[in-house]
Trainee: 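Structure provided below as structure tokens; questions to follow.
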Amino acid sequence: MLRFRSLASLLAGAATMAIAFGASIETAGAETIKVGVTAGPHAQILEAVKPIAAKDGLDIQILEFTDYVIPNQALAGGDLDANSFQHQPYLDNQVKDRGFDLVSVGKTVVYPIGIYSKKVKSLEELPAGAKFAIPNDPTNGGRVLLLLQAKGLIKLKDGGNLKASPIDIVENPKKLEIVELDAAQLPRSLDDVTAAAINTNFALEAGIDPVKDAIAREDADSPYANVIVVRKADKDKPWVAKLVKSYNSPEVKEFILTKFKNAVVPAF
């Protein structure tokens with residue numbers, strides 16, 4: 001996670017970096033919005049959205065974050081106008097637990113979560129007592145436990161749900177040791193654990209190929225579609241419709257399919 005003196009200084013720094021690296025485009029007279037994303041595919045896709053939105057009079061300033069917590073805080077606090085980094089179940093959990101007045105306004109992409117290992121080549125090879133790392137954030141941890149259950153490695157109390165945690169495991173034949181870590185740190189954990197379930201955006205950022213390197217993976221029709229999120233008070237504003245329309249354009253869909261080759265799947 002980034003260390004910073006204030007959220008305002010982080011946002012200002014991110015905007016400066018975007019300009020320094022040529023991310024800005026000529027948008028004289030355009031309406032400017034700040035959109036928060038996590039680094040990696042979300043940021044890359046939004047870069048492809050920018051020129052399309054610019055034709056519709058919308059100047060998108062992209063601000064990158066390294067975790068799943070700050071983008072919703074920044075949006076709720078008014079430091080962002082929108083964000084694009086989370087799936088609907090995660091947003092629902094954040095709204096319920098933190099009281100954020102945020103809503104989704106459009107679907108973006110699906111990141112089928114994968115299981116990776118430097119020590120085994122299949123789930124069947126996992127030894128007894130293997131250390132297995134999962135995300136420690138709400139919903140993603142439960143999502144992985146549901147995947148492990150679907151693969152026959154564990155059973156969860158009452159069938160489990162997205163809020164499941166390791167204490168809900170009622171059957172664990174291989175006696176897997178579940179290790180909960182920050183999602184962004186999971187790629188680095190592969191030297192220290194037997195296997196880890198890693199969100200696709202963090203896998204790609206670490207140079208891991210989700211299609212070739214995963215020893216197991218969610219189906220491409222995973223229900224965890226990512227969404228564009230705004231404050232509820234803004235959901236009917238014209239710029240929101242322009243943002244969603246630009247993202248859900250044929251040009252952006254083609255970019256996603258060409259760039260990520262099924263590691264990231266359009267959800268629109």
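When a residue number appears, it is its place in the shown sequence, counting from 1. These figures come from a predicted structure and were not determined experimentally.
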Trainee: Can you tell me if Arg231 uses its side chain to pair, donor with acceptor, with the backbone of Leu75 under 3.5 Å?
Mentor: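 Yes: the side chain of Arg231 pairs with the backbone of Leu75.
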Trainee: Any sub-3.5 Å donor-acceptor pair from Asp209's side-chain atoms to Asp213's backbone N or O?
Mentor: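 No; judged by distance alone, with no hydrogens or angles, the pair does not exist.
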Trainee: Given the rule that I, L, V, M, F, W and Y join up when any side-chain heavy atoms are under 4.5 Å apart, are Val244 and Ile62 in one cluster?
Mentor: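 Both belong to a single hydrophobic cluster.
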Trainee: Between Lys157 and Asp168, is the closest basic N to carboxylate O distance under 4.0 Å?
Mentor: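 So Asp168 does not pair with Lys157 through a salt bridge.
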Trainee: If we only count heavy atoms from C-beta on, is the Tyr247 to Lys107 side-chain gap below 4.5 Å?
Mentor: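 No; the side chains remain at least 4.5 Å from each other.
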Trainee: Indicate whether any N or O donor in one side chain lies under 3.5 Å from an N or O acceptor in the other, for Asn201 and Glu205.
Mentor: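 No - no donor-acceptor pair under 3.5 Å links their side chains.
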Trainee: Any idea which heavy atoms bring Ala183 and Asn199 closest together, and the distance?
Mentor: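 Smallest interatomic distance, heavy atoms only, reads CB-OD1, 3.9 Å.
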Trainee: Say whether, by atom type as modelled, one donor and one acceptor occur between the side chain of Lys242 and the main chain of Asp56 under 3.5 angstrom.
Mentor: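 Checked: pair present.
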Trainee: Would you mind reporting whether Leu257 and Pro266 have side-chain heavy atoms less than 4.5 Å apart?
Mentor: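 Touching, per the 4.5 Å side-chain cut-off.
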Trainee: Can you find a heavy atom in the side chain of Lys174 that is under 4.5 Å from one in the side chain of Pro127?
Mentor: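 Of all side-chain heavy-atom pairs linking Pro127 with Lys174, none is under 4.5 Å.
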Trainee: Carefully, step by step, assess Asn83 and Asn72 under the rule side-chain contact (heavy atoms from CB on, under 4.5 Å).
Mentor: CA-CA 7 Å; Asn83 66 41; Asn72 278 334; 3.0 Å; yes
Trainee: Under 3.5 Å, is there a donor-acceptor pair between the Glu254 and Thr258 side chains?
Mentor: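 Result is yes, a qualifying pair exists.
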Trainee: Using a 3.5 Å distance criterion without hydrogens, assess whether the side chain of Ser104 forms a donor-acceptor pair with backbone atoms of Val227.
Mentor: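 Side chain of Ser104 to backbone of Val227, a donor-acceptor pair under 3.5 Å: no, none is there.
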Trainee: Can you measure from CG (Leu58) to NZ (Lys50) and round to the nearest 0.5 angstrom?
Mentor: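 Interatomic distance, Leu58 CG to Lys50 NZ, rounded to 0.5 Å: 10.5 Å.
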Trainee: Which label fits Tyr68 and Phe202: parallel for a plane angle under 30°, tilted from 30 to 60°, or perpendicular past 60°?
Mentor: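 Tyr68 vs Phe202 ring planes: tilted.
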Trainee: Do Asn93 and Lys163 pair up side chain to side chain, a donor and an acceptor below 3.5 Å, judged on atom types alone?
Mentor: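 Indeed, the side chains of Asn93 and Lys163 share at least one donor-acceptor pair under 3.5 Å.
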Trainee: Less than 4.0 Å between a side-chain N and a carboxylate O, is that true for Lys118 and Asp191?
Mentor: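 Salt bridge flag = yes for Lys118 with Asp191.
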Trainee: For Glu171 and Pro173, work out which heavy atoms get closest and say how close.
Mentor: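 Shortest heavy-atom contact: C-CD, 3.8 Å.
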Trainee: Thinking salt bridges, do Glu125 and Lys119 make one under a 4.0 Å N-O criterion?
Mentor: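 Lys119 and Glu125: not salt-bridged.
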Trainee: Got Val110 and Val264 here, is their nearest side-chain heavy-atom distance under 4.5 Å?
Mentor: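 Heavy-atom side-chain distance check fails, nothing below 4.5 Å.
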Trainee: Taking all non-hydrogen atoms of both residues into account, name the closest pair between Val252 and Ala48 and its distance.
Mentor: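 Closest approach of Val252 to Ala48: CG2-O, 4.2 Å.
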Trainee: Are the side chains of Leu148 and Phe132 in contact, using a 4.5 Å heavy-atom criterion?
Mentor: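 Result yes, sub-4.5 Å side-chain heavy-atom pair found.
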Trainee: Using the rule given for side-chain contact (heavy atoms from CB on, under 4.5 Å), can you reason through His42 versus Val109, listing the C-alpha separation, both sets of side-chain angles and the distance that settles it, and then say yes or no?
Mentor: CA-CA 9 Å; His42 280 302; Val109 293; 4.2 Å; yes
Trainee: According to the interplanar angle, ranging from 0 to 90°, do the rings of His87 and Tyr224 count as parallel (below 30°), tilted (30 to 60°) or perpendicular (above 60°)?
Mentor: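 Plane angle between 30° and 60°, so tilted.
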Trainee: Apply salt bridge (Lys or Arg N to Asp or Glu O under 4.0 Å) to Asp101 and Lys232, showing your working.
Mentor: CA-CA 6 Å; Asp101 203 19; Lys232 187 178 292 186; 3.6 Å; yes
Trainee: Work out which heavy atom in Asp192 is nearest to a heavy atom in Lys131; give both atom names and the distance.
Mentor: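 Reported closest heavy-atom pair: O-CD, 4.1 Å.
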Trainee: Could you walk me through whether Leu153 and Leu123 pass the side-chain contact (heavy atoms from CB on, under 4.5 Å) test, one step at a time?
Mentor: CA-CA 8 Å; Leu153 289 171; Leu123 294 178; 4.1 Å; yes
Trainee: Output yes when a side-chain donor or acceptor of Thr38 lies under 3.5 Å from a complementary backbone atom of Phe65, and no otherwise.
Mentor: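 No; zero donor-acceptor contacts below 3.5 Å.
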Trainee: For Gln61 and Val35, run side-chain contact (heavy atoms from CB on, under 4.5 Å): C-alpha distance rounded to whole Å, both residues' side-chain angles, the deciding distance at 0.1 Å, then the answer.
Mentor: CA-CA 6 Å; Gln61 292 187 3; Val35 183; over 6 Å; no
Trainee: Is Glu177 reaching over with its side chain to a backbone N or O of Ala130, donor-acceptor style, under 3.5 angstrom?
Mentor: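 No, the answer is negative, given that no donor and acceptor are paired below the 3.5 Å cut-off.
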Trainee: Ignoring hydrogens, what is the shortest heavy-atom contact between Phe100 and Val95? Give both atom names and the distance.
Mentor: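 Closest heavy-atom pair between Phe100 and Val95: O-CG1, 3.5 Å.
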Trainee: Could you check if a side-chain atom of Val229 sits within less than 4.5 angstrom of a side-chain atom of Ser84, using non-hydrogen atoms only?
Mentor: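 Counting from C-beta outward, Val229 and Ser84 never come under 4.5 Å.
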Trainee: Taking all non-hydrogen atoms of both residues into account, name the closest pair between Val49 and Ser246 and its distance.
Mentor: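 Closest approach of Val49 to Ser246, heavy atoms only: CG1-CB, 3.8 Å.
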